[in-house]
> 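I am attaching a structure below and will ask some questions about it afterwards.
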Amino acid sequence: MKYSALVETYEKLEKESGKLKKTEILSNLLKKTPTNLLPKVVLLASGKIFPTKSEEKTGIANKMMIKTLSKTTGLSESEITGKFRDLGDLGSVAEECIKSKTQSSLAQKKLTVELVFNNLQKLSKIEGEGSQDRKVNLISELLSSSKPKEAKYIVRTSVETLRIGVAEGITRDAISKAFKVDKKMVERAWFLNPNYGKIAKIAKEEGENGLKKVSLTIGNPYIVMLGESAGNLEQAMGKYEDVIIEYKYDGVRIEIHKNKDKVLLFTRRLEDVTDQFPDLVKLAKKGIKSNKCIVEGELIGIDPKTNGSIPFQQLSRRVQRKYDIEKMTKEIPICMQLFDIVYLEGKSLLNKDYETRRKKLKETIKIIKGKFQLSQSLIPKNIKEAREFYQKASMEQEGIMVKNLKAKYQPGRRVGQWLKVKPILEPLDLAIISAEWGTGKRSSWFGSFTLGCLKNEVSDKYLACGKLGTGLSDEQFENLTKKLKDLVLEEKGREVKLKPEVVIEVGYEEIQESPKYESGYALRFPRLIRFRPDREKPNELKKIKNLFKQQFSSKK
Ligand code: AMP
């Protein structure tokens, strides 16, 4: 299949902003894609080269791309950087540069989807000495055979910013439309086996019957069940007849997949973190009695001196770590707080209620105190008991989860069967979307940061909702500047527009309605709580709206 066919679709998708139209465009592409290429085309169409975060990344930063463009076109790196500053997108820079090259000087090999996909996948495998040059060569090989528009999208895919607004929901709907299968079935398959490439192929070849067969499998991460925010304890407790309350731990959600002596660990973002936590692997081998099962819980970090738990921010250092792992296991020991079991001895437990699953979990686990145990929980007899538990949980951890004992496990997103209750207004996870250079002694750092939420689930539009500028230490200003410098999209005077890739957890005193920001809301006194490297996207506007309303009702 010619890469140009995909490029035509990209162009249409970029121009169209309506969700329905986008779905139709993508669905038309899927219909004409040969079956064996569907997995690749589905990934490329959403700007990806790997199905989930658990796999590798291309590792191409803007700087390396500028070098590549210079090598391919003969233009100097500073000329290309200048164009980048003007256009704000390296894809458009590539398009312009290739356009201005005389065609004869560029080799004209026909670009196929396979060639582009394979070269881009190879990028992540290149490591060690000379890896930069080899990466540059691989992309340059593609760009030398590209027409201007093709170059635009190869570059955007390489730096992992496609900007055509194909979110998960659109891919789901397009598969449903192209192969005439129920949307809900596609979504269900995605939650259980999050790989739209594979799902599209199944939908085309086997239809709904095939999708029905998609199930939990040991070794493949699934999308976990989450809780919704609830106003206060009384409101949350009033939602269900049979309630269990549990500590809400400030850690990392982990799926433990055990198959005989093989244990795999996945985060909620589907990252494989088995290598990062050999201590947990050992505990799981010892503490899980069953040969084949998947259990879930929250992994928390422990302070070796006090034996108390440490904030998530500190534990997250271990999630990213690729070296000195043994040393880290001593510096930051862990404790697994288990709360669910979804698969046991070859059978899915998704359709069992929580009461039954907790019972099975208890039977399956050999508790290793302080290291591998069941989450603290209580089936409260009355609200007084619940309140006492809640107060203790809020002092020791983040608050509690109120769960419906009669609820099945529903993979994917927030489903209203688990409720989070926290003592303070919940912090927001927001992206840093722009920054402003500081003044005086801070003139070489960014001095204030505009925070943004996502417009909605399907959009990749970010809406400003506040500015973070005070309350940071010099070190934090410097660190943030370092983190953000690679993400600059456009610089206008002292304002710098950024790729919205850094997500931070923000606390605040109040949410106010405000015409000043695009979102219509402003956070009063926002403050940085921690970085959220585990979050790819910030919260949506809907969440700010809900919190705004909640705060209003609790004041009344
Ligand atoms: P949030 O990220 O605020 O939406 O909270 C959801 C997260 O709370 C989940 O992904 C879990 O990692 C975490 N969590 C902590 N303790 C529990 C618990 N007892 N039950 C369920 N989730 C929990």
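Remember, it's 1-based here, ligands and their atoms both numbered in the order they're listed. Only heavy atoms go into these numbers, but all of them, side chains included; no hydrogens, no water, no symmetry mates. Since the model is a prediction, treat every value here as computed from it, not as a measurement.
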> Classify the contact between E246 and ligand 1 as side chain, backbone, both or neither, using a heavy-atom distance cut-off of under 4.0 Å.
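Under 4.0 Å from ligand 1, E246 contributes side-chain atoms alone.
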> Looking at atom 10 (O) of ligand 1, what's its closest protein heavy atom, distance included?
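Checked against all protein heavy atoms, atom 10 (O) of ligand 1 sits closest to R268 NH1, 3.0 Å.
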> Tell me which protein heavy atom sits closest to atom 21 (C) of ligand 1, plus the residue, atom name and distance to 0.1 Å.
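Protein heavy atom at minimum distance: F339 CZ, 3.3 Å.
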> Is there a nitrogen or oxygen of S375 sitting under 3.5 Å from a nitrogen or oxygen of ligand 1?
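It does not: no N or O of S375 is found under 3.5 Å from an N or O of ligand 1.
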> Is it true that atom CD of E241 has more than 12 heavy atoms of other residues, nucleotides or ligands lying nearer than 6.0 Å?
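Not more than 12 within 6.0 Å, no.
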> Applying side-chain hydrogen bond (donor to acceptor under 3.5 Å, both in side chains) to D353 and T356, what does each step give before you reach the verdict?
CA-CA 5 Å; D353 62 29; T356 313; 2.6 Å; yes
> Only heavy atoms of K403, strictly under 4.0 Å: list the atoms of ligand 1 that pass.
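Counting from 1, the qualifying ligand atoms are 18 (C), 20 (N), 21 (C).
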> If we only count N/O pairs under 3.5 Å, is E426 in contact with ligand 1?
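So ligand 1 has no N or O lying under 3.5 Å from an N or O of E426.
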> Between N259 and K262, is there a donor-acceptor pair closer than 3.5 Å when you use the side chain of the first and the backbone of the second?
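Judged by distance alone, no pair lies under 3.5 Å.
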> Given E246, which partner from the list Q376, Q337, R358, Q397 fulfils the side-chain hydrogen bond (donor to acceptor under 3.5 Å, both in side chains) test?
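Looking at Q376, Q337, R358, Q397, the match for E246 under the side-chain hydrogen bond (donor to acceptor under 3.5 Å, both in side chains) is R358.
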> Please evaluate residues E388 and K392 with respect to the criterion salt bridge (Lys or Arg N to Asp or Glu O under 4.0 Å), reporting the C-alpha separation (whole Å), side-chain torsions for both, the decisive distance (0.1 Å), and the verdict.
CA-CA 6 Å; E388 277 165 18; K392 195 157 167 278; over 6 Å; no
> Give me the nearest non-hydrogen protein atom to atom 3 (O) of ligand 1 as residue plus atom name, then the distance to 0.1 Å.
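For atom 3 (O) of ligand 1, the nearest protein heavy atom comes out as K420 NZ, 3.0 Å.
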> Counting only nitrogen or oxygen atoms and a 3.5 angstrom limit, does Y247 reach ligand 1?
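In this structure, Y247 places an N or O atom under 3.5 Å from an N or O of ligand 1.
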> Under 6.0 Å from the NZ atom of K497, do we count more than 12 heavy atoms belonging to anything else shown?
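Count not over threshold, so no.
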> Heavy-atom pairs closer than 4.0 Å: do any link ligand 1 to the side chain of L226, the backbone, both, or neither?
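L226 to ligand 1: side-chain contact only, backbone stays beyond 4.0 Å.
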> Under 4.0 Å from a heavy atom of M401: which atoms of ligand 1 are those, numbered in the order shown and with their elements?
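Within the 4.0 Å cut-off of M401, ligand 1 contributes 17 (C), 18 (C), 19 (N), 20 (N), 21 (C).
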> Return a yes/no value for W418: is any of its N or O atoms, backbone included, closer than 3.5 angstrom to an N or O of ligand 1?
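No; every N/O pair is 3.5 Å or more apart.
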> To check your reading of the model: name the closest protein heavy atom to atom 9 (C) of ligand 1, its residue, and the distance in Å.
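The closest heavy atom on the protein side is R253 NH1, 3.3 Å.
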> Would you mind telling me if ligand 1 is within reach of the side chain of K248, the backbone, both or neither, using heavy atoms under 4.0 Å?
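Within the 4.0 Å criterion, K248 contacts ligand 1 through backbone and side-chain atoms alike.
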> Does K289 form a salt bridge (Lys or Arg N to Asp or Glu O under 4.0 Å) with E363? I'd like the steps, not just the answer.
CA-CA 8 Å; K289 294 186 226 161; E363 292 162 2; over 6 Å; no
> Once side chain to side chain donor-acceptor pair (under 3.5 Å) is applied, do any residues pair with E540, and if so which ones, sequence neighbours excluded?
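Counting only residues at least two positions away or on another chain, E540 forms no side chain to side chain donor-acceptor pair (under 3.5 Å).
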> Ring pair (Phe, Tyr, Trp, His ring centres under 6.0 Å) for F389 and Y247? Distances and angles first, verdict last.
CA-CA 9 Å; F389 183 87; Y247 270 39; 5.4 Å; yes
> Looking only at protein heavy atoms, identify the closest one to atom 16 (N) of ligand 1 and say how far it is in Å.
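Residue, atom and distance for the closest contact: Y249 N, 3.0 Å.
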> Please name the pair of heavy atoms, one in F477 and one in F446, separated by the smallest distance, quoted to 0.1 Å.
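Minimum heavy-atom contact is CD2-O, 3.2 Å.
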> Does ligand 1 have an atom under 4.0 Å from some heavy atom of Q337?
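No, Q337 has no heavy atoms under 4.0 Å from ligand 1.
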> Got the closest protein heavy atom to atom 11 (C) of ligand 1, with its distance?
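Protein heavy atom at minimum distance: E298 OE1, 3.0 Å.
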